[in-house]
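None of these values were measured; they are calculated from a predicted model. So you know, we letter chains A, B, ... as the sequences are listed, proteins then strands, and number each from 1.
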There are 2 protein chains.
Amino acid sequence: MPYDPSAFAPFAVTVDLVVLTVRRHALCALAVRRGESPFQGRWALPGGFVRPDEDLSQAAARELMEETGLCAHDPDAPAQANGAHLEQLATYGDPKRDPRMRVVSVAHLALAPDLPAPRAGGDAKSARWASVEDLLQQGGYGRDGEQAAPLAFDHAPILADGVERARSKIEYSSLATAFCPPEFTVGELRRVYEAVWGVALDPRNFHRKVTGTPGFLVPTGGTTTRQGGRPAQLFRAGGATLLNPPMLRPEV
Amino acid sequence: MPYDPSAFAPFAVTVDLVVLTVRRHALCALAVRRGESPFQGRWALPGGFVRPDEDLSQAAARELMEETGLCAHDPDAPAQANGAHLEQLATYGDPKRDPRMRVVSVAHLALAPDLPAPRAGGDAKSARWASVEDLLQQGGYGRDGEQAAPLAFDHAPILADGVERARSKIEYSSLATAFCPPEFTVGELRRVYEAVWGVALDPRNFHRKVTGTPGFLVPTGGTTTRQGGRPAQLFRAGGATLLNPPMLRPEV
DNA sequence: GTGTTTATCGTCAGGCAGACGACTATGATC
DNA sequence: GATCATAGTCGTCTGCCTGACGATAAACAC
């Protein structure tokens with residue numbers, strides 16, 4: 001990395017968060033309403049400036065905590081109570097992406113189990129879970145009939161990238177369990193896959209696949225009937241993080 | 001993205017390049033020798049500051065051109081003459097990663113066919129292709145007996161991340177062809193996989209797999225005998241970018 | 001009890017990968 | 001020119017995994 005003082009230019013660096021969860025059989029993302037110009041009143045991804053003394057992942061974890069109360073855990077330490085998966089997604093640095101100044105945003109992807117209503121933090125007027133379908137369908141109408149304005153800044157493509165990352169990553173990793181509570185059933189895990197991929201999966205083949213993959217699921221011994229029907233075994237996420245062979249996403 | 005002037009802190013933003021190629025059956029990366037402090041005389045990844053008016057990918061493409069003469073092509077437009085694959089890898093922003101100031105580096109990954117000797121650019125004293133094994137094996141001895149000092153800054157983990165990305169991405173994409181000249185044989189493509197993965201592959205099963213995947217390879221009609229033995233058919237990369245089902249990397 | 005819902009086990013056929021035999025076409029060597 | 005070494009290409013066989021789908025089990029609602 002050559003160092004040429006004449007070439008140095010100051011940038012602002014932010015982290016933006018794509019926080020995904022599964023609610024009511026739909027993949028949802030956390031959106032905050034902007035309280036200031038530009039894009040005042042529009043929905044945006046949560047985020048904020050990186051502080052002078054913190055690492056990028058620290059900044060992302062701090063923002064996640066401020067917005068959701070979730071504690072991010074390391075990719076190394078898997079299942080944890082009240083913890084969300086957090087990983088870096090990509091960095092966006094178009095010179096014109098923020099009209100005020102040159103801002104480079106390091107987007108992060110967080111996957112969380114279904115949560116109570118989010119608490120608004122920082123200068124955002126409010127925060128909510130919105131289906132990614134509504135958020136990405138520009139100019140359309142949301143579920144509640146409200147006109148769905150496109151997300152602020154370049155947050156729509158960032159969200160799309162995050163969703164695509166999540167969709168592909170649950171294929172070959174055990175990441176889908178990050179959308180589940182600490183104990184869950186095979187059916188609940190299947191509904192996660194169905195919501196994220198937007199497809200229907202065969203319950204029998206899915207059951208065979210996930211219970212047959214060593215280290216993916218460990219039975220807790222308990223059962224639950226919270227979904228109705230025959231009681232289902234409860235599982236926790238096992239130590240395995242990589243699925244080999246992967247879970248196959250049905251073709252379009 | 002809330003805007004709080006009191007929270008704003010200026011950062012320097014750079015791009016660093018992990019440029020990989022396959023030479024003499026080994027995966028090699030481009031390294032430049034640092035001409036200045038800190039880490040003067042040590043090997044480092046090529047890179048430089050992002051200019052005020054350019055996008056991150058533009059900055060990466062410019063650095064790549066300066067260091068190698070290669071023209072990066074879009075991920076959309078696949079095979080191209082004298083073009084290299086270029087994609088964003090990850091961003092590194094530890095507050096202490098550069099002792100001079102707060103620098104956030106957006107690392108990019110470039111894959112190039114075997115090239116003539118690199119030309120040194122910028123303030124780097126020299127540039128060379130070095131096997132990634134030598135570069136990552138800290139404190140060991142390189143192929144030429146030279147003491148292999150660790151890479152400058154945090155470039156060793158960046159290189160490791162780039163290598164891992166390349167290793168996993170050739171599994172499920174046609175990216176391995178980016179290491180090949182415009183026309184190549186199945187055997188040459190197989191040697192790319194073997195060099196990147198560091199394994200031996202069965203020539204017959206590999207041949208069946210790559211020729212049986214629709215859109216991966218298109219025959220040019222020509223043959224070559226540059227590898228010795230029976231003349232081999234020449235191919236170009238086909239339009240397919242995703243391999244489904246993927247090429248399976250043999251287990252360790 | 002009957003019906004509904006969900007969970008779980010089994011079966012069967014097709015596809016693909018790994019292991020490996022066989023044959024082909026070139027250059028190198030004697 | 002015969003032989004050998006080298007690389008490329010085509011087949012075969014077996015085992016595993018997946019998709020499609022039948023069948024059974026265990027709860028709740030009426």
First of B:Gly228 and A:Leu248 reached from the 5' end of DNA chain D, by closest nucleotide
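Its nearest nucleotide lies further toward 5', so the answer is B:Gly228.
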
Per nearest nucleotide of DNA chain D, the residue lying toward the 5' end, B:Arg191 or B:Asn205, is B:Arg191

Let me know, please, whether A:Gly187 or B:Pro245 comes out on the 5' side of the other along DNA chain C by nearest nucleotide.
A:Gly187

5'-most contact on DNA chain C: A:Arg208 or A:Gln233, nearest heavy atom basis?
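Of the two residues, A:Gln233 wins.
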
When the distance from [atom1] of [X] to [atom2] of [N] is rounded to whole Å, what number comes out?
X: B:Tyr172; N: C:dC16; atom1: OH; atom2: C1'; value: 21 Å
X: A:Leu201; N: D:dA20; atom1: CG; atom2: C1'; value: 14 Å
X: A:Phe184; N: C:dA7; atom1: CZ; atom2: C1'; value: 16 Å
X: A:Arg249; N: D:dT18; atom1: CZ; atom2: P; value: 16 Å
X: B:Phe206; N: D:dA7; atom1: CZ; atom2: C1'; value: 14 Å
X: B:Arg190; N: D:dT6; atom1: CZ; atom2: P; value: 14 Å
X: A:Leu243; N: D:dT18; atom1: CG; atom2: C1'; value: 15 Å
X: B:Gln227; N: D:dT6; atom1: CD; atom2: C1'; value: 11 Å

Compare every heavy atom of A:Ala29 with every heavy atom of A:Leu20, then report the nearest pair and how far apart it is.
CD2-CB, 3.8 Å

Which heavy atom in B:Leu243 sits nearest to a heavy atom in B:Ser173, and how many Å separate them?
CD2-O, 3.5 Å

Going by modelled atom types, is there a donor-acceptor pair between the base of C:dG10 and the side chain of A:Arg204 at under 3.5 Å?
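Donor-acceptor pair under 3.5 Å: no.
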
State whether the distance check finds a donor on one side and an acceptor on the other, under 3.5 Å, for side chain A:Arg230 versus base C:dA7.
yes

Contact class for B:Arg226 vs. all strands (heavy atom < 4.0 Å): base, sugar-phosphate, or nothing?
nothing

When you measure from the centre of the six-membered ring of B:Trp43, is the NZ or CZ of B:Arg128 closer than 6.0 Å and no more than 45° off the axis?
yes

Can you tell me if A:His207 touches the phosphate of C:dT8, counting only side-chain N or O atoms and a distance under 4.0 Å to OP1 or OP2?
yes

Strictly below 4.0 Å: does B:Lys209 bring a side-chain N or O up to OP1 or OP2 of C:dC16?
no

Can you establish whether the number of heavy atoms outside A:Arg236 located under 6.0 Å from its atom CZ is more than 12?
no

Keeping A:His108 on the side-chain end and A:Val106 on the backbone end, is there a donor-acceptor pair under 3.5 Å?
yes

